[in-house]
J.: 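Dropping a structure here in C-alpha cells format, bear with me for questions.
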Amino acid sequence: PSSDTGTSLKSVFWGTFVHSTCNEAVQVLEDTAVGVDHEGKIVFIKTGEDVQRVSQEVGFNAADVKQLGKHEFFMPGMVDAHIHASQYSFTGTALDLPLLEWLNTYTFPVEAQFEDPEFAKKIYSQVVRRTLRNGTTTACYFATIYTETTLLLAEIADRVGQRALVGKVCMDRNDGASYYKESTEESMRETDKFITQLLGKGYPLVSPIITPRFAPSCTSPLLEFLGKTAKNNDIHVQSHISENRDEVNLVQQLFPDCKSYTDVYLKHGLLSRKTVMAHACYLSDKELEIFHKTGASIAHCPNSNISLCSGMLDVSRVMKHKVKIGLGTDVAGGYAPSMLDAIRRAIDTSKALTILDPKHQTLTFQEVFRLATLGGSQALSLDDQIGNFAVGKNFDALLVNVSVPDGPIDICNEEDPKVRVQSYIWFDALKHLFSSGDDRNIVEVYVAGRRVVPFDNTS
Ligand code: GUN
Ligand code: FE
C-alpha cells in the first residue's frame, strides 16, 4: 500500500468476499476491503483491519466506499462458457427432439432470421441483459452466420457492460437446411471481415472468437482456414464436440481419415489453449489426453445435455485428466439462461452418475462453484484477467444478499444469534444460493469495476 494507489483509486468494497483459488475451492474472506482503480482493476485486498486504518494507509478518502450489509457478500461474476445468443428467443421450448433433428427443425429456421438487424437487436439486447441480471459477467457467445448482426451483438454487450467473446458462426455444409449456410469462400471472407472489424472497434470488454459450428457443418478446407486464422491472429476458438452419439457417428462418416472427433479438430489446427469445446460427453481417454496436451478446454453444459437427452459428462474424469473445464448454459439446448441453474444441473448430473455407479465421485458444491467462476475463466484462458479476487485482476463481481425481502431464501433469521460473520454460515449461504436462490439474490453486478446491475436506463 502506498499513496500512489490512492490517486487512481475509484472504489473500495468492504465486507465478506467468497471466491475460489487454485488451492481452495471456496475461500471466505471476512472483514475484507477490496480497492478498485479507475480501470476497474483490483489494486489491493486487505483483511481484518478496520476501515479507518486501511483508509489512512492507502488514502482512499476520496474513493467511493461501499460497506456491505450483514447478509451480503461478494462473489466473482460467473462465466458462461457456452451460450447461443441467437437461440434466446426460443429458450424453454422445443426440447422434444434429439440434437441433429432439433437443429434442423427448430434452430436453423430461427438463426436464419438474424439477417434482420431489427430482430437481432431486439433478441441480443434481451439475452445480454437477462444473463447479466442473472450474474453472468462473462459470456462466450455463438451468434449466427451473419457478420453484420454478429457485430451488433458485440456492440450491445460492450455498451450494456458484459465481458464477452463473440463468434460469427461458420458453416459451409448444411444438408438438413440448405437455406442456412455459406459457401466456403464466403465463410472465409466473412470471418476475416468479422475479426478485422470487431478488433477495429477497440471494445474494452469484447473480443472475437473463431466459431466453426461443429465438424458436421464444416468442410475440411474451411476448418483448415479457420485453424490458420486462429493461429495467425492468436485468437480464441469455440465449437461443439461429442455431444450425442448420432453426432459422433456422423463425424466418423464425414471424416473417415480422422481417428476420432477430437482428431478432426486437432488435424485442422483448431486445438490450443485458447480453444473451448462444448459438451464432450463421449470423449475417450486418448481424446482427453489431446485436450490436456494442447491446453484446449471443455464447457460442460448439463442442462442442455439432459434436455436434449444427449449424455452425461463425467466432470471428475475430465479433472483427473487435468483438462480445463467451465460451465455453460447452452441456451437454447439448455432451457435456462442462468449460471445458477448450470451449477444446479452440474450437481444433479454428478449425483445421477453416482446413482448409476456408487463408486462415482460426486462433485461437491465447492467444486461446482469453482467451475462457474475460476474454472470458466481458465477454460476461456482469461484467468489472468478474471475468475476470482486478486490484485491486478478486473473487479467482475456479484453482490449477493441471502436475505432479501420476499426473496426465495432467508437463512438469516434476525433473532438468531448464529447470524454473525462466520465462515460456516457463509458456506450455508452459498449452498442455499445454489439450491434455491435466483436473480433476486443478486442485488448488484459489477464488470471491470462498473456497476452494470441494476441497469441504468441509458444502456
Ligand atoms: N451442435 C451444433 N450446433 C449446435 C447448437 O446450436 N446447439 C447445440 N446444443 N449443439 C450444437
Ligand atoms: Fe451449443
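We count ligands from 1, going down the list as the structure has it; atoms in each ligand are counted the same way. Values in this document were obtained by computation on a predicted structure and should not be read as measured data. One is the number of the first residue; the rest follow in order along the sequence.
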J.: Within a radius below 2.8 Å of the Fe ion (ligand 2), how many protein N, O or S atoms are present?
T.: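 Protein N, O or S neighbours of the Fe ion (ligand 2) under 2.8 Å, waters not counted, come to 4.
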
J.: With respect to Y88, which candidate in V128, T131, V127 satisfies the side-chain contact (heavy atoms from CB on, under 4.5 Å) definition?
T.: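 Of the listed options, the one satisfying the test is V127.
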
J.: Quick one: side chain to side chain contact (heavy atoms under 4.5 Å, CB included) partners of A143, sequence neighbours excluded?
T.: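 By the side chain to side chain contact (heavy atoms under 4.5 Å, CB included) rule, A143 matches Y124, T150, L153.
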
J.: What's the separation between atom CD1 in I156 and atom CG in L151, rounded to the nearest 0.5 Å?
T.: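 If I round to the nearest 0.5 Å, the distance is 11.0 Å.
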
J.: Between the side chains of S239 and Y265, does any donor sit under 3.5 Å from an acceptor?
T.: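 A donor-acceptor contact under 3.5 Å links the two side chains.
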
J.: Inspect the contact between K324 and D383 and indicate whether a charged nitrogen and a carboxylate oxygen are less than 4.0 angstrom apart.
T.: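 K324 and D383: not salt-bridged.
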
J.: Other residues, nucleotides and ligands only: do more than 12 of their heavy atoms fall within 6.0 Å of NZ on K267?
T.: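 Check passes, neighbour count above 12.
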
J.: Taking atom types as modelled, find out whether T219 and D172 have a side-chain donor-acceptor pair closer than 3.5 angstrom.
T.: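 The criterion, which ignores hydrogens and geometry beyond distance, is satisfied for D172 and T219.
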
J.: Without hydrogens or angle criteria, can the side chains of D330 and H279 be said to hold a donor-acceptor pair below 3.5 Å?
T.: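 Yes, side-chain donor-acceptor contact under 3.5 Å.
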
J.: Output every pair passing side-chain hydrogen bond (donor to acceptor under 3.5 Å, both in side chains) with a member in residues 95-116, not counting sequence neighbours, ordered by first then second residue.
T.: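 Every side-chain hydrogen bond (donor to acceptor under 3.5 Å, both in side chains) pair that includes a residue of residues 95-116, provided the two are not neighbours, is Q87-E111, D96-Y106, E111-Y180, E111-R213.
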
J.: Tell me the residues surrounding ligand 1, counting only those with a heavy atom closer than 4.0 angstrom, sorted by chain and number.
T.: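 Within 4.0 Å of ligand 1, the protein residues are H84, Q87, L99, W102, L103, R213, F214, H240, E243, H279, S304, D330.
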
